Amino acid sequence: MKLLKSLNESQLAAVEYNSGPHIIVAGAGSGKTRVLTIKIAYLLENGFDPSTILALTFTNKAAKEMKERVIKLIGKKAEKIWMGTFHSIFARILRAESTRLNYQPNFSIYDKEDSVALVSTVINEMNISIDSTANNVHHRISNLKNQMISPLEFSKNMAETIIDKRIASIYLEYNKRLFENNAMDFDDLLLKPIELFTNHARVLQKYRKMFKYILVDEYQDTNRAQYEILKLLTAPRTKICVVGDDAQSIYGWRGAEIRNMLEFEKDFPKAKIFRLEQNYRSTKNILSAADSVIKKNTEQIAKTLWTENNDGEKLAIIKCADEKDEAFQIAKQIKKEISSKKLSLSDIAIFYRINSQSRALEDGLRKNKIPYKIIGGVEFYRRKEVKDIVAYLRILSNQNDEESLLRIMNFPQRGIGNTSISKMIAFSRKLELSLFTTMSRVFEVIEVKERIQKNVKQFKLLLDKYIDLKDKLSLMELTSALVDELGVLRMYKEENTPESKTRYENVQELLSGIQEFSKNNPKATIEDFLADVSLISGVDQFDETNNSVTLMTVHSSKGLEFPVVFVTGCEEDIFPLNPKFDSDSQTEEERRLFYVALTRAEKKIFITYARSRYRFGEVAYQNRSRFIEEIDPSFYDELNGGIGRKSGRRKKVYYDEFYQESFDDFDQEKRSLRVGSRVTHELFGMGKILQITGSGDTQRVTIAFEEHGNKQLLVKFANLQLI
DNA sequence: GAGAGGGCTCTAGCG
DNA sequence: GAGCCCTCTC
Ligand SMILES: Nc1ncnc2c1ncn2[C@@H]1O[C@H](COP(=O)(O)OP(=O)(O)OP(=O)(O)O)[C@@H](O)[C@H]1O
């Protein structure tokens with residue numbers, strides 16, 4: 001069979017096995033994803049009905065790619081496979097079955113920002129004092145949800161401290177509000193199916209009958225709820241095949257449990273284990289280097305990984321002066337790689353631990369005229385201007401969605417301020433009405449001024465008009481009419497600032513996104529579009545055909561591969577990020593993350609670290625990462641970047657070994673600002689110091705800038721350069 | 001109620 | 001540095 005020709009023996013065995021539950025445990029680049037893809041194609045070729053296959057991947061993009069490959073191998077019938085992320089597949093099922101959970105099928109999906117906003121609303125309205133941000137409280141709640149601990153269970157059995165008791169009541173109210181808003185958060189998308197299947201035996205039967213073969217990629221990063229869903233859906237006759245590498249489990253902080261991987265044999269009796277040991281991706285040097293690091297972890301399944309690929313180049317570890325130098329060294333190496341090898345820019349990826357590192361890297365690439373693309377970061381659909389328009393669509397679809405309603409009540413400004421909104425909310429709570437309904441009765445809310453009542457009425461009429469149009473116009477017609485009537489594009493244009501220009505472009509891009517979506521789904525409704533939008537992830541937007549370098553976090557790089565990889569910021573406190581606070585198992589997860597970064601590379605790895613780095617508005621000095629020390633030195637060479645030389649315009653001497661001296665040196669620099677010194681400032685240009693007041697963090701300078709007049713600035717933030 | 005400006009806090013990774 | 005909130009002025 002032609003399909004199976006591209007497989008080695010152990011891969012083949014895994015593909016052909018069909019008798020019961022099985023798990024493929026294998027290291028990086030050993031073809032796990034390929035096996036899964038071909039296995040599905042093989043099933044279809046053998047007459048398996050595609051609509052009975054459920055294949056779960058980690059990102060939408062991975063699902064899309066896998067589907068495309070299967071279609072290529074076997075033809076169009078593969079389109080019927082249920083393929084997607086846990087979140088998207090079960091959101092779909094929840095929509096179909098929503099009424100059983102007393103939800104309406106058009107429920108909104110709240111992303112993290114929406115959820116945090118709701119937590120914040122709840123804290124404020126309940127008037128609970130809690131020494132913690134809404135963000136942290138939401139994180140706690142999300143953790144509880146991930147562990148499948150209900151508000152009731154938490155408050156009854158676990159919440160002992162006063163703070164925990166308060167969190168318990170916030171959690172309870174938060175869930176209640178979600179329900180009243182006809183909304184689910186990300187965690188609900190995994191919890192509600194369990195509720196559905198547990199409480200409605202016939203629904204469970206239906207889906208058990210429907211899915212005869214379940215396949216799961218990246219099984220090492222599934223959490224408790226996902227595991228429970230799989231257990232529920234797997235009837236004695238259901239075939240289940242999961243694939244994973246425990247050494248690549250990097251989402252523990254989101255509730256992922258490696259135990260799912262380690263205990264598969266217990267959970268699914270008579271499970272068969274397959275192992276793949278040949279790596280096809282990387283050179284011997286890369287593989288050995290990665291192996292020398294991951295060996296330091298104690299908790300893992302022993303695995304062998306070998307390759308027939310040649311030794312390749314050694315890794316290059318580059319010492320840089322600071323983050324600007326780091327970006328510069330990377331740009332330099334990129335140019336070198338491109339000109340010396342037959343590589344295109346899209347063969348190169350730059351990874352970082354945290355998104356804020358991308359800024360300096362971007363600057364460096366831009367200055368060197370190297371085109372790049374950032375994956376993730378502040379994602380398109382999470383931007384304010386985009387979310388504002390999406391909130392309108394949500395309200396048109398789901399009038400109970402109070403968070404969205406609040407978001408747009410006074411956007412664009414229509415003279416409905418916070419005071420009036422609070423009054424209406426109070427009214428709606430008292431009469432147990434939704435805020436939307438309250439709006440139609442705003443004339444009864446006597447505390448709201450007459451002029452503003454009229455504004456509310458006006459706004460309500462606008463929404464009513466579009467709710468009515470919703471079923472008469474196509475998605476695209478409706479959205480563009482709405483955007484036009486709101487006048488947001490005009491508004492951004494008139495503002496005419498760099499930010500408003502970006503906003504303008506983003507709204508335009510949203511419109512073309514909707515157009516594109518309508519083209520692919522001709523009968524698409526608002527609901528279809530919304531269902532998609534909330535679940536789009538960062539990597540989903542990755543387009544490898546672009547001729548540009550790819551920048552992304554190590555987390556997003558999972559499952560991908562690139563000929564050349566830069567792993568940046570390899571310093572203590574960046575990568576690993578929190579070594580001082582991490583438990584052993586958290587450090588091990590951090591090490592796995594480093595392992596994931598290294599094993600993305602096919603031919604060449606550059607590891608960079610900087611002696612100093614601006615963070616939180618000040619310079620921090622740190623040692624290079626322990627993970628570098630863990631790599632066997634026979635697999636790398638060391639290079640020096642801008643160390644010892646003066647880097648850029650910043651006047652500072654870099655010491656190789658003596659951090660203390662470096663600190664002194666830095667303080668010296670601050671002190672040496674004197675009345676009369678000439679300095680430059682990034683925004684205001686050249687100037688002369690007129691006055692200095694205070695010291696330390698609150699030290700201020702008054703400067704006469706040549707082009708911007710006199711300004712008073714905090715030294716700490718001004719980043720002044722002495723001339 | 002809007003808008004400007006100042007002060008304060010937070011600061012990881014993500015579907 | 002960014003984002004949020006508060007305060008002050010119009
Ligand atoms: N039998 C094979 N012959 C040739 N190339 C192969 C074979 N199996 C896999 N490959 C190639 O090896 C690379 C890695 O495969 P794949 O992405 O499926 O690995 P993986 O185990 O899922 O990796 P990871 O866990 O690191 O994401 C791919 O480029 C794939 O095409």
Side-chain angles (χ1 to χ4, degrees), chain A residues 56-63 84-91 109-113 115-117 120 124 131-136 139 142 145-146 184-190 218 221-223 225-226 250-256 351-360 375-379 381-382 384 410 412-421 448-449 451-452 455 495 499 532-540 552-558 569 573-578 581-582 586 589-590 592-593 596-597 614-618 620 682-683 697-698 712 714 716-719:
Chain A
L56 298 162
T57 57
F58 198 74
T59 62
N60 293 301
K61 183 172 186 294
T85 60
F86 270 92
H87 289 87
S88 68
I89 294 283
F90 289 98
I109 297 173
Y110 282 2
D111 64 18
K112 190 182 159 208
E113 192 196 329
S115 308
V116 172
S120 174
N124 289 333
D131 193 25
S132 175
T133 59
N135 210 347
N136 289 337
H139 196 79
S142 176
K145 284 193 168 190
N146 279 326
M184 297 197 194
D185 64 14
F186 280 146
D187 303 317
D188 285 340
L189 295 179
L190 305 176
E218 311 277 13
D221 276 322
T222 50
N223 65 20
Q226 288 166 324
I250 54 175
Y251 283 91
W253 51 273
R254 210 171 84 184
F351 299 156
Y352 37 83
R353 178 64 181 81
I354 46 181
N355 281 310
S356 59
Q357 285 173 258
S358 74
R359 211 192 183 93
I375 308 305
V378 179
E379 292 156 32
Y381 283 101
R382 312 274 187 269
K384 183 190 177 306
N410 200 27
Q413 276 159 12
R414 50 172 70 87
I416 311 175
N418 284 333
T419 326
S420 308
I421 293 176
V448 174
K449 287 198 196 118
R451 181 169 53 93
I452 292 156
N455 293 343
E495 246 177 76
E499 297 90 70
D532 242 50
V533 159
S534 345
L535 297 173
I536 289 176
S537 76
V539 221
D540 295 340
M552 62 172 94
T553 62
V554 185
H555 279 95
S556 323
S557 78
K558 156 158 145 159
D573 292 343
I574 296 278
F575 200 176
L577 186 61
N578 282 323
F581 304 101
D582 280 350
Q586 283 170 320
E589 177 155 316
E590 202 77 11
R592 292 194 293 270
L593 190 60
V596 167
Y614 267 104
R615 238 189 130 191
F616 310 147
E618 54 187 29
E682 202 160 329
L683 226 78
D697 278 356
T698 56
Q712 199 183 57
L714 266 177
K716 183 179 169 200
F717 291 118
N719 191 15

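On a predicted model such as this, the values are computed, not experimentally measured, just so you know.
Distances shown here put every side-chain N or O of A:Arg353 at or beyond 4.0 Å from the OP1 or OP2 atom of B:dT11. The shortest distance between the side-chain N/O atoms of A:Gln413 and the OP1/OP2 oxygens of B:dG3 is below 4.0 Å. Neither OP1 nor OP2 of C:dG3 sits under 4.0 Å from any side-chain N or O of A:Asn135. Contact check, A:Ser356 against B:dA12: no side-chain N or O comes under 4.0 Å of OP1 or OP2. Contact check, A:Asn578 against B:dT11: no side-chain N or O comes under 4.0 Å of OP1 or OP2. Of the side-chain N and O atoms in A:Asn355, one or more sit less than 4.0 angstrom from OP1 or OP2 of B:dG13.
Spacing between atom CG of A:Leu577 and atom C1' of B:dC10 amounts to 14 Å, rounded to whole angstrom units. In this structure, CG of A:Leu189 is placed 14 Å from C1' of B:dC14, rounded to the nearest angstrom. Taking atom CD1 on A:Ile250 and atom P on B:dG15, their separation rounds to 11 Å, with Å as the unit. With rounding to whole Å, A:Asn146 atom CG is found 16 Å from B:dC14 atom P. Taking atom CD of A:Glu218 as the reference point, atom P of B:dC14 lies 15 Å away to the nearest angstrom. If you take CG of A:Asn136 and P of B:dT9, they are 15 Å apart, rounded to a whole angstrom. If you take CD1 of A:Ile109 and P of B:dG15, they are 14 Å apart, rounded to a whole angstrom. Taking atom NZ of A:Lys384 as the reference point, atom P of C:dC4 lies 10 Å away to the nearest angstrom.
Without hydrogens or angle criteria, A:Asn455 side chain to A:Gly415 main chain gives a donor-acceptor distance under 3.5 Å. The backbone N or O of A:Arg254 lies less than 3.5 Å from a partner atom in the side chain of A:Asn146, making a donor-acceptor pair.
By the 5.5 Å and 30° criteria, A:Trp253 is not stacked with the base of B:dA12.
Between B:dG13 and C:dC4, the two P atoms lie 16 Å apart (nearest whole Å).
Here A:Ser534 lies out of heavy-atom contact (under 4.0 Å) with every strand. Contacts of A:Ser88 with the nucleic acid, taken as non-hydrogen atoms under 4.0 Å apart, are absent. A:Lys112 comes within 4.0 angstrom of a nucleotide base, judged by non-hydrogen atoms across all strands. Here A:Arg414 lies out of heavy-atom contact (under 4.0 Å) with every strand. As judged by a 4.0 angstrom heavy-atom cut-off over every strand, A:Tyr251 is placed among residues touching the sugar-phosphate backbone only. A:Thr59 comes within 4.0 angstrom of no nucleic acid atom, judged by non-hydrogen atoms across all strands. Contacts of A:Thr419 with the nucleic acid, taken as non-hydrogen atoms under 4.0 Å apart, involve only primed sugar atoms and P, OP1 or OP2.
Contact between A:Thr57 and A:Ala62 at its shortest, heavy atoms only, is CB-CB, 4.1 Å. A pairwise comparison of heavy atoms in A:Lys558 and A:Ile250 identifies CD-CD1, 4.1 Å as the closest pair.
For A:Asn124, the CG atom is densely surrounded, since the number of other residues' heavy atoms within 6.0 Å is greater than 12.
Residue A:Thr553 places its side chain closer to B:dC14 than to any other of C:dG1, B:dC14, B:dA12. Here the nucleotide nearest the side chain of A:His555, chosen from B:dG13, B:dT11, C:dA2, is B:dG13. The side chain of A:Ser420 has B:dG1 as its nearest neighbour among B:dG1, B:dG13, B:dA2.
Along DNA chain B, the nucleotide closest to A:His87 and the one closest to A:Gln586 are compared, and the more 5′ of them pairs with A:Gln586. Closest-nucleotide positions on DNA chain B for A:Asn410 and A:Asp187 were compared, and the one nearer the 5' end corresponds to A:Asn410.
A:Trp253 and A:Tyr251 have tilted rings, their planes meeting at an angle from 30° to 60° on a 0 to 90° scale.
Judged by distance alone, the side chains of A:Asn136 and A:Thr133 do bring a donor and an acceptor atom under 3.5 Å apart.
Across all strands shown, B:dT11 remains unpaired; no Watson-Crick or G-U wobble contact has both distances below 3.5 Å.
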